[in-house]
There are 2 protein chains.
Amino acid sequence: MDISHRQFNKRIQFKDRDGSALANKQIHIKQNDHSFLFGCGAFDFMPYVMNGDEEHKRLAESWLDIFNYGTLPFYWGNYEKEEGRTEKDLLMKTANYLKEHNVKVKGHPLCWHTVCADWLLKYDNETILKKQLQRIEREVTGFAGVIDMWDVINEVVIMPIFDKYDNAITRICKEKGRVGLIKEVFAKAHECNPSATLLLNDFNTSINYEILIDGCLNAGVPISAIGIQSHQHQGYWGKEKLEEVLERFETFALPIHFTENTLISGDLMPSHIVDLNDWQVDEWPTTPEGEERQAKEVEEMYRILFSHPLVEAITTWDFRDGAWLGAPSGFVRKDGSQKPSYKMLRNLVRDEWWTDTNVITDENGFATVSGFKGSYALSADGHSAKESLTDDTELVITLS
Amino acid sequence: MDISHRQFNKRIQFKDRDGSALANKQIHIKQNDHSFLFGCGAFDFMPYVMNGDEEHKRLAESWLDIFNYGTLPFYWGNYEKEEGRTEKDLLMKTANYLKEHNVKVKGHPLCWHTVCADWLLKYDNETILKKQLQRIEREVTGFAGVIDMWDVINEVVIMPIFDKYDNAITRICKEKGRVGLIKEVFAKAHECNPSATLLLNDFNTSINYEILIDGCLNAGVPISAIGIQSHQHQGYWGKEKLEEVLERFETFALPIHFTENTLISGDLMPSHIVDLNDWQVDEWPTTPEGEERQAKEVEEMYRILFSHPLVEAITTWDFRDGAWLGAPSGFVRKDGSQKPSYKMLRNLVRDEWWTDTNVITDENGFATVSGFKGSYALSADGHSAKESLTDDTELVITLS
């Protein structure tokens, strides 16, 4: 698989503080981070940041040893259980902690019919929409600079026909239509943070979602990236489906984010379950065979996605087993121990797709440097520079 | 079923040429036509208009005894078999004949991937699109005043994924996307005839079509009416599905046209056939039991559609058995004899839903008149007037 689009290859001239070329020198080229977003649900950072217990500390450390990108929960029904009393403090502290550890944070989601605030139900549709837009303004403006990436609206394909229970968002989506509501919430998010990355996110990867995106783009909705969920509790999609999905969604020429990936290491959920939330089990253990399978599937899937030029992010949903649905869906077991999938992914992210090398400059201080796109420390003889290396343009770097 | 929205009920003052009220007079209120569009495929008028043979003359007469609305074929591959040589003469003569017989005409379709012109295949996509838009300009401008209603684009849901054979329109739809192509062809049609009724038409009545329409409307596409095909060779949808479809598509608050209705009077096509065109049979006879069933289904379906306020048109696709797919899909048999469905529909259109009555004016010439919306002849003592009666506003009519 061709992954040359993930790499740079450029001539760099190295100079010292005085502007003299560093001729015939060995330079250490050390990658600090990926341009690609290797993400994971970062919900577990919240108790850690607030309480700092040992269990969550170990989790946080192993999380940070792979990932540079985390999703934090902004489900309205949890974020603002009572109208006007939000969890801003908790989320801001956690987001800042992640930011300090060079982790890019995405807020998820600003508008969704599930885990919606029940207190909205007492209002009429006009008021619900007003409060939805105010909510977007409050979060997008309030977190700007700390969180500049948002799943603006989630699962719109089923939003107006979702009928498991009454909720405020289905009500307004029924009234305004899918694209009508998407337009409103994206316009507000974009207005509040024009440089933010704004995602439309769905688990429905059928033609429905294609047509929805097509309509939105023609209606001028400022979608920065297409979000695709890939919860595979019922079994790995496989190469063929994965490539087929990529082929259909690449036609929009927008960045693609795999926003919610799940591959489990235990028994598969039966295929007749339509809404994954309907699968309630007392125990869902991880198994040795399941763990081997999961690692293989993680490897194949991440390789395929990393090789696709439009894919900019892959987020695995659960870091630890036993989170959503109690599934063995993590990279680590319930006790925090690392599964084969953890080791597999760490190897890809921090070894196979990672650059740590030396080059020797010529008599004019030039060297050709290639590596995986990302941020770097470049050093020689105790002098160093930090630089983002993401393209093939020639560059002059001063080590000071 | 409530059909009061199909009726007017108004006070009318009748006067004579001198402006005197026609007091205590009996006035004959005679409906000449329906506001509702009772339509049928009018393809058979083409050989009749060109050749005037007896067989087609009888067909034309029984057609005109029910319908006020006809669809004429503008399939690009037939209309312009060789680039630059069109069937304009044939179509114009036929459309004019229908117009002279008070039949509103719709052209079908301006853009479609099926029956497409093969000679387009030699051009690149940019040229194909240019020729498609020129084609729209030529037909919409050229027929304006005779044909002011168009199925602008047909079956877009499957258009970019249609893979039975290569064709020029699938190529450009793949490139521009569904909504992108719809925007272009509607913009051109609207520009060429701003008062024309422009339809989007599809056999796909799923959520796909809903989302497509939603996107188009939010993208500003000037859709005048939603076209829904209902070819039921595999069996009558039934009341439940029909009402469910209406319920979903009424949310756009646009007029709904049932554009291509088929109910057959013979054996049903097996349900495993996906593309109806794949069903090839040597003989597909009409049967007495089938004819009784067809008449019942026609009655139920037309009653349901007539009772829905947004439905403005129902077009049955084949007038005579043995047309598309050789199916027993007509109101008349192959020999032109009338089936029970013909009699059923004629009874609805020209009797049950038809007004032919008398009223007596009061001492000031006033009478309250009610009837089915449409055009009328009003007369007394050899004096008469023609009037369109479509609402409940009070009116003065002079019989001269």
Side-chain angles (χ1 to χ4, degrees), chain A residues 113 125 129 152-153 155-163 170-187 190 200 202-223 226 244-254 274 310, chain B residues 113 125 129 152-153 155-163 170-188 190 200 202-223 226 244-254 274:
Chain A
H113 51 272
N125 284 4
L129 179 61
V152 179
I153 187 164
E155 304 181 355
V156 187
V157 170
I158 59 161
M159 190 172 273
I161 53 173
F162 179 83
D163 59 3
T170 290
R171 287 189 196 168
I172 57 172
C173 192
K174 254 195 185 109
E175 186 176 320
K176 297 200 67 72
R178 294 174 177 87
V179 184
L181 182 58
I182 292 171
K183 262 173 107 163
E184 294 260 13
V185 294
F186 266 82
H190 183 66
L200 186 68
D202 216 303
F203 70 86
N204 186 319
T205 58
S206 77
I207 195 176
N208 287 314
Y209 192 32
E210 282 179 69
I211 298 178
L212 183 66
I213 295 167
D214 188 11
C216 287
L217 295 178
N218 276 283
V221 177
I223 297 172
I226 295 167
E244 182 257 335
V245 167
L246 288 168
E247 201 181 309
R248 288 190 290 108
F249 289 92
E250 75 188 10
T251 58
F252 299 107
L254 278 177
V274 175
L310 286 174
Chain B
H113 51 272
N125 284 4
L129 179 62
V152 179
I153 185 164
E155 303 180 357
V156 187
V157 169
I158 60 160
M159 189 173 272
I161 53 175
F162 179 83
D163 60 2
T170 289
R171 287 190 196 167
I172 58 172
C173 191
K174 256 196 181 106
E175 186 176 319
K176 296 200 69 73
R178 294 175 178 86
V179 184
L181 182 58
I182 292 171
K183 262 174 109 163
E184 294 259 13
V185 293
F186 266 82
K188 178 54 79 181
H190 183 67
L200 186 68
D202 216 303
F203 69 87
N204 187 318
T205 58
S206 78
I207 196 176
N208 287 314
Y209 192 32
E210 283 179 70
I211 298 178
L212 183 66
I213 295 167
D214 188 11
C216 287
L217 295 178
N218 276 283
V221 177
I223 297 172
I226 295 167
E244 182 257 335
V245 167
L246 288 168
E247 201 181 310
R248 288 191 290 109
F249 288 92
E250 75 189 10
T251 58
F252 299 107
L254 278 177
V274 175

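Lettering follows sequence order; numbering is per chain, from 1.
Residue contact with chain A, scored on non-hydrogen atoms closer than 4.5 Å, involves the side chain of B/Glu210 exclusively. In this structure, chain A has a heavy atom under 4.5 Å from the side chain of B/Ile161, while its backbone stays farther away. For A/Ile182, no part lies under 4.5 angstrom from a heavy atom of chain B.
The OG1 atom of B/Thr251 sits 11.5 Å away from the CD atom of A/Glu175 when rounded to the nearest 0.5 Å. We find the OG-CD1 distance between A/Ser206 and B/Ile211 to be 7.5 Å, quoted to the nearest 0.5 Å.
A/Asp214 contributes a side-chain N or O that, together with a main-chain N or O of B/Val179, makes up a donor-acceptor pair within less than 3.5 Å.
With B/Ile207 as reference, A/Asn208 is the one residue of A/Ile158, A/Asn204, A/Asn208 to meet the side-chain contact (heavy atoms from CB on, under 4.5 Å) rule.
Considering every non-hydrogen atom in both B/Asn218 and A/Ala219, the closest pair reads O-CB, 3.4 Å.
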